[in-house]
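In what follows, every chain begins at residue 1, and chains take the letters A, B, ... in the order their sequences are listed.
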2 protein chains.
Amino acid sequence: MVSTEGEEIIVLGSSDIDIHMISDLFHRNSKIYTAIIIGECEIHYQGRASSKAPLGTRIVIYKSDGSLLVHEGKDRDPLNWQPPGSLCISDADKGFLEIRCRSRKYGHEIVSIRFKRILTAIWCRLSTKGLEVHGTEKDLVEMIYMNPSVISPSAKVIGREVETPSGKIDLILRDDPGNIYVVEVKNEKAGISAVNQLDRYVKYLESMQSRSPDVTRRIIGVLVSNGITRRAREALIERGYIYIDSMSLKIGNTSQTLMKYVK
Amino acid sequence: MVSTEGEEIIVLGSSDIDIHMISDLFHRNSKIYTAIIIGECEIHYQGRASSKAPLGTRIVIYKSDGSLLVHEGKDRDPLNWQPPGSLCISDADKGFLEIRCRSRKYGHEIVSIRFKRILTAIWCRLSTKGLEVHGTEKDLVEMIYMNPSVISPSAKVIGREVETPSGKIDLILRDDPGNIYVVEVKNEKAGISAVNQLDRYVKYLESMQSRSPDVTRRIIGVLVSNGITRRAREALIERGYIYIDSMSLKIGNTSQTLMKYVK
DNA sequence: CGTGCCAGGTGCCCT
DNA sequence: AGGGCACTTGGCACG
């Protein structure tokens, strides 16, 4: 058994493996420590869907927040998992370590891991700091919100995160001629669904407008995204909407306007 | 240094830590072995977005398929990562281990991990078997495809995965009276977007039909899903479409029909 | 807590 | 390789 500096980390090598000890550590440490067990195991999952993984060598991680991950030697995503807040019970019966993990969020979900052989088992305290990501869609919306003239020189923001029956509209602008801009922002390459989404918003505003026909304004759909697929662009053009590549905004070209598109 | 059975696994405890050795093993083993390093590190990410993680204790996993994961003590998803096929370069300069990982898929993406302290480092061969998941949407579509009478007693399948400008229609059925059923299947709880999607398909088929007005059939939107949100249900009803809970199908109640909804 | 929706989404399958 | 889409999506923010 290899142990370091006041149980900051506990590492059990293959020569130290005792499944009763592991099972014991597993239960005792789970509130504070993250457990990492590497070994040959079979996995059964039953819940929203179901799966069965044959015997294979995998990494099992049980975090102190109650999330369970089972990783193989490929892919970013775990082979099997259980969401945060799940409860694992380990069991050393019949000479094999078995871990059963129940989800709290999805009451009926269960992952069972049966180890045929354990190569190493580790307990350690990991940080839970998280991080801030920049350059996200929210930032892009914020940028346009602070500088709506990138859409049209005289445009002012008249709405943000506006609720509709079909979803929330990122931004609504109005320029001096009275045109209304419905702006949908995607931080990624826009596909058909983005155009559909924008279309819904425009249609909704048009239907609202038709209920009070005293003021009738032109409603212009604007899609701001980091690229657009061919079919999406076709659908956008067919509906008479406008596409703006987000890169042309990000590089600070704030003088670029949409006036050339508006007759 | 703890090593077992012909390098099936290599475990370096804190007393064995030599960052030059680790850097060396990191480069030498990356094609076959998955590397797991636990220690205090700072992380910088720059790519589609950007992030910076302060000093914290984390697990770094570099899989043999070239995917990189950095996990903290919470959440199912990694704090930082790099997709499969990425290339990591480790560096032991200035007394600190630094790992830089570049994505092939997103050429400009880079994750840099700078270790202040390493608690343990492990190399092992993991399986890459994957698994088959059952109970997915595809299974549900297949089930209805094989047994369309669950939608309407006389219904026959006349289309599957039918391409439209707004996306693919899961199933199209026709019953003896000539009604057309546009079936959208969701394996999860359906929200507004699902209703919008269904609405698009129906509208599209209606527009197709209006082009050839010799045959005019009633087109009925059907949403099959595992639950539905309140607003989605309202929108569905307002448009005159039909909701079927997928559970009522899964439990084998194949005699249940929709005739009560069809006038 | 339900609902809606973005995500550095990822992974799969199709053309 | 690009596109469309499901996912045991996860995670967050808001009513």
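C:dT10 atom P lies 13 Å from atom NE2 of A:His71, rounded to whole Å. A straight line from CD of B:Glu234 to C1' of C:dG4 spans 14 Å, rounded to a whole angstrom. Separating the CG atom of A:Asp139 from the P atom of C:dG8 is a distance of 10 Å, rounded to the nearest angstrom. For the pair B:Leu198 CG and D:dC5 P, the computed distance is 14 Å after rounding to whole Å. In this structure, A:Asn196 places its CG atom 16 Å from C1' of C:dC5, rounding to the nearest Å. Note: NZ (A:Lys186) to P (D:dG3) measures 17 Å, nearest angstrom. The nearest whole Å value for the distance from the CG atom in A:Leu140 to the C1' atom in C:dC5 is 16 Å. Between the CD atom of B:Glu132 and the C1' atom of C:dG11 there is a distance of 15 Å, rounded to whole Å.
Dashed line: the shortest gap from a side-chain N or O of B:Ser103 to OP1 or OP2 of C:dG8 is not under 4.0 Å. Phosphate contact (OP1/OP2 of D:dG2, side-chain N/O of A:Arg230, threshold under 4.0 Å): absent.
For A:Lys189, taking side-chain heavy atoms from C-beta onward, the closest of the listed nucleotides C:dC5, D:dA6, D:dG3 is D:dG3.
Distance noted for atom C1' between D:dA6 and D:dG10: 14 Å (whole Å). Nucleotides C:dG4 and C:dG8 place their P atoms 22 Å apart, quoted to the nearest Å.
Applying the ring-ring contact (aromatic ring centres under 6.0 Å, His included) test to A:Tyr45 and every residue at least two apart in sequence or in another chain returns nothing.
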Quick one, give me the B/S/- string for nucleotides 8-15 of chain D, reading 5' to 3', where B means a protein heavy atom under 4.0 Å from the base and S means that only happens at the primed atoms, P, OP1 or OP2. BBSS----
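Defined by atom type and a distance below 3.5 Å, a donor-acceptor pair is present between the side-chain atoms of B:Asn80 and B:Ser51.
Judged by the 6.0 Å distance and 45° axis criteria, B:Arg160 is positioned over the aromatic ring of B:Tyr145.
Sequence order on DNA chain D of the closest nucleotides to B:Glu137 and A:Ile192 puts A:Ile192 first from the 5' end.
Taking 4.0 Å as the cut-off between side-chain N and carboxylate O, A:Glu109 and A:Arg102 do not count as a salt-bridged pair. Salt-bridge annotation for A:Lys138 and A:Glu142: absent, with no side-chain N of the basic residue lying under 4.0 Å from a carboxylate O of the acidic one.
Atom CZ of B:Arg125 and atom OG1 of B:Thr128 lie 10.5 Å apart (nearest 0.5 Å).
As judged by a 4.0 angstrom heavy-atom cut-off over every strand, A:Gln197 is placed among residues touching the sugar-phosphate backbone only.
Across every non-hydrogen atom of B:Thr229 and B:Gly191, the tightest pair is OG1-CA, 3.8 Å.
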